[in-house]
There are 2 protein chains.
Amino acid sequence: MTYTLAEEDYLKAIYKIAERHGTPVSTSAIAELMQTRPASVTDMLKKLADKELIDYKRYHGVSLTRTGARQATLLIRKHRLWECFLVDKLGFSWDEVHEIAEQLEHIQSDTLIDRLDDYLENPKFDPHGDPIPDASGAYRMRYQILLSDLGLHKPAVLVGVREHASSFLQYLDQNRLALGATLEVVEVLPYDGSVRLRLGDGEPILISGQVARQLYVRQTTESA
Amino acid sequence: MTYTLAEEDYLKAIYKIAERHGTPVSTSAIAELMQTRPASVTDMLKKLADKELIDYKRYHGVSLTRTGARQATLLIRKHRLWECFLVDKLGFSWDEVHEIAEQLEHIQSDTLIDRLDDYLENPKFDPHGDPIPDASGAYRMRYQILLSDLGLHKPAVLVGVREHASSFLQYLDQNRLALGATLEVVEVLPYDGSVRLRLGDGEPILISGQVARQLYVRQTTESA
DNA sequence: TGAAGAATTTAGACGGGGCTAAAGTACAAA
DNA sequence: TTTGTACTTTAGCCCCGTCTAAATTCTTCA
C-alpha cells in the first residue's frame, strides 16, 4: 500500500491528537492542527474511512484502525530518524529540523529508512527526546514526568520537550536547557508557579510555570 | 520562487533532452521521457511559459530560459548529491539509487543541500560519473569520449555511463566494469562492432558495440 | 502546389484536495 | 423538554495535473 502525501499528513495528525487528547478525534481538532477547514477534513475522513485507515462515524469523530495506526507510526519513525540525521550528521540545531523532516518523512522506500536507521546506529530518541519506533512500529515510552510535577530538591535530567516551536527551543538554548542537563527545583513561586532551577552546578535560573509544563524530566537517584 | 513537483519534473526532462539532442525540444520527446501524453505536456508547457521558465512557440518546441535552466541544474545538483549520499554513506549500489534520488531531489531547502554537499566533502561527480553542479549551478564537463571511439591499445579509465538503467549497471558490475577501472581495447570485431577489452591486468573480456557506445572513458598517458 | 501523414494543440472531462455558504446534528442549559 | 449554540457535514465551486477525442498545423513528397 502506498498513500498520498495528504493522506499521510492526515494520518499523522490524527495519531498525534489521539496521543495527546485521546480518542475519538474531532474534525475541528484535525482542521486546527493541519491549518485547514473542517469541511476539507470531513472530505478526507471519508476517503480514509473507505480505505479502512480510520473508523469514522458521522458527527462522532474518528480513531485510527490498526492499519492506520501502523502507517502513522512508520511516518513518525521516518520523521524522527531524519531529524537525527539532520542534527547529528549535517549539524542542524534542533529548532531548524522540523520543516525539513516534514518533507523527508514522505520519501517512499523501506530500504532507505532501514539503512538510515543503521547508519545512525539505531537511535532510540530523536533530538527533541521523542522515542523512535523500530521498523515494526514498536517503541517504549521512557519514564518521564513534567518538570512542573517534579518535587523540590529531587535531582533530575532533562529528557524531552512537549512543545516543539522554534522560538521555544531557542529560548531553551539561551538558558542552557539542553537534553541531558541535570537539574533540581530549588523553589516554586506560589504567585504564578514560576520555578527556580539549579542547572548542573551553576547559578539558579528562573523559568515560568508555562515553560516548566513543557519540559519532561526523569528523576535520578540521589547518589547519581 | 518555489515550483510544484510536476513543474520541476518537466524542467528536468526538458533540460536532459536539450542536453542530448539539442534545442528546441519537442512535445513528443518530453511526453515519451515522462511517460505521459503529448496533450498533457502541451498543457504544462503553457504554464511553464507563463512563468517564464521556458520559451515556447506553438508547434515549434521549447527551450529553457535562463531561469528555467538554472532551476533544472539545481535539481540535477540535488539529485546527484543525494545519489552520492545513498551510495557513499548508506551503502546502496549505483543501480538502486535513481528512484530514491528522484524523490529526494524535490525536498525544498537550500541549507539542506549545501550542508549535504559539505558533509559529502563536495564531490564533483556522482556514482555514475556525472558531474555535480555547484550551488551557483556551474559545473565543468570532464574530458571524456565514448569507449566505442577509443582507438586500439590506448590505455584509458572508465569515467562514466551514458545509460542508467539498472539492468545495464548490473551487467557492468558482473563484468567488473566499475568507474575508475583501467582498460584498453584489444580488438574490435568488424562483423558487429563488438569490442574485446583488457580490464586492468586481467583476462580480456568481450562486450557488444551497443555497450561500448554507453561507456565514457578518459585516455590516460602511456606512462601512467 | 497540394495532399497525406505525422506532430501538436484544443476541447472537454475527471480525480485529488481545498474552499465558502448553507444546512443538519449534538448537547448543555433553562 | 425545549432551545440556543457550537460543531459537523453537504452542496457546489475552484485549481492542478492528467486523459481521450477531435481539430489544427507542419512537413514532405509526388
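Naming convention: chains lettered A, B, ... in sequence-line order (proteins, then strands); numbering from 1 in each chain. On a predicted model such as this, the values are computed, not experimentally measured, just so you know.
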Integer-rounded Å distance: [N] [atom2] and [X] [atom1]:
X: A:H60; N: D:dT9; atom1: NE2; atom2: C1'; value: 12 Å
X: B:I30; N: C:dA7; atom1: CD1; atom2: C1'; value: 13 Å
X: A:E32; N: D:dA6; atom1: CD; atom2: C1'; value: 15 Å
X: B:K57; N: D:dC26; atom1: NZ; atom2: C1'; value: 13 Å
X: B:L48; N: D:dT18; atom1: CG; atom2: P; value: 11 Å
X: A:L45; N: D:dC7; atom1: CG; atom2: P; value: 16 Å
X: B:D9; N: D:dC16; atom1: CG; atom2: P; value: 17 Å

Between [options], which nucleotide has the shortest distance from any of its atoms to the side chain of [X]?
X: A:R37; options: C:dT10, C:dC19, C:dT8; value: C:dC19
X: B:Y59; options: D:dT18, C:dT8, D:dT8; value: C:dT8
X: B:T36; options: D:dT8, C:dT20, D:dC19; value: D:dC19
X: A:K46; options: D:dT10, D:dA21, D:dT8; value: D:dT10

Task: Non-hydrogen side-chain atoms of A:H98 and A:H79 separated by less than 4.5 Å - done: yes
Open item on the list: Any non-hydrogen side-chain atom of B:D192 less than 4.5 Å from a side-chain atom of B:S208?
Closed with: no
Should [X] be listed as having a side-chain N or O under 4.0 Å from OP1 or OP2 of [N]?
X: A:Y56; N: D:dT9; value: yes
X: B:R58; N: C:dT10; value: yes
X: A:S26; N: D:dC7; value: no
X: A:T42; N: D:dT9; value: yes

Task: Sugar-phosphate only, base, or nothing, as touched by B:S40 at under 4.0 Å among non-hydrogen atoms - done: base
Task: Touch class at under 4.0 angstrom, heavy-atom based, for B:S28 against every strand present - done: sugar-phosphate
Open item on the list: How close do A:T2 and A:Q108 get, counting heavy atoms only, and between which atoms?
Closed with: OG1-NE2, 3.5 Å
Task: Separation between NE2 of B:H164 and CG of B:D95, rounded to the nearest 0.5 Å - done: 12.0 Å
TODO: Please say whether the positively charged group of A:K89, taken as NZ for Lys or CZ for Arg, lies over the ring of B:F85, i.e. under 6.0 angstrom from the six-membered ring centre and within 45 degrees of the axis.
DONE: no
Between protein and nucleic acid, restricted to nucleotides 12-17 of chain C and to nitrogen or oxygen atoms under 3.5 Å apart, what atom pairs and distances do you find?
from	atom 1	to	atom 2	distance (Å)
C:dG17	OP1	A:T4	OG1	2.6

Task: N-O pairing of A:D114 and A:R77 below 4.0 Å - done: yes
I'd like a table of donor-acceptor pairs (distance under 3.5 Å, sequence neighbours excluded) in which one partner is a side-chain atom from residues 50-62 of chain A, with atom names and distances.
from	atom 1	to	atom 2	distance (Å)
A:K51	NZ	A:E7	OE2	2.6

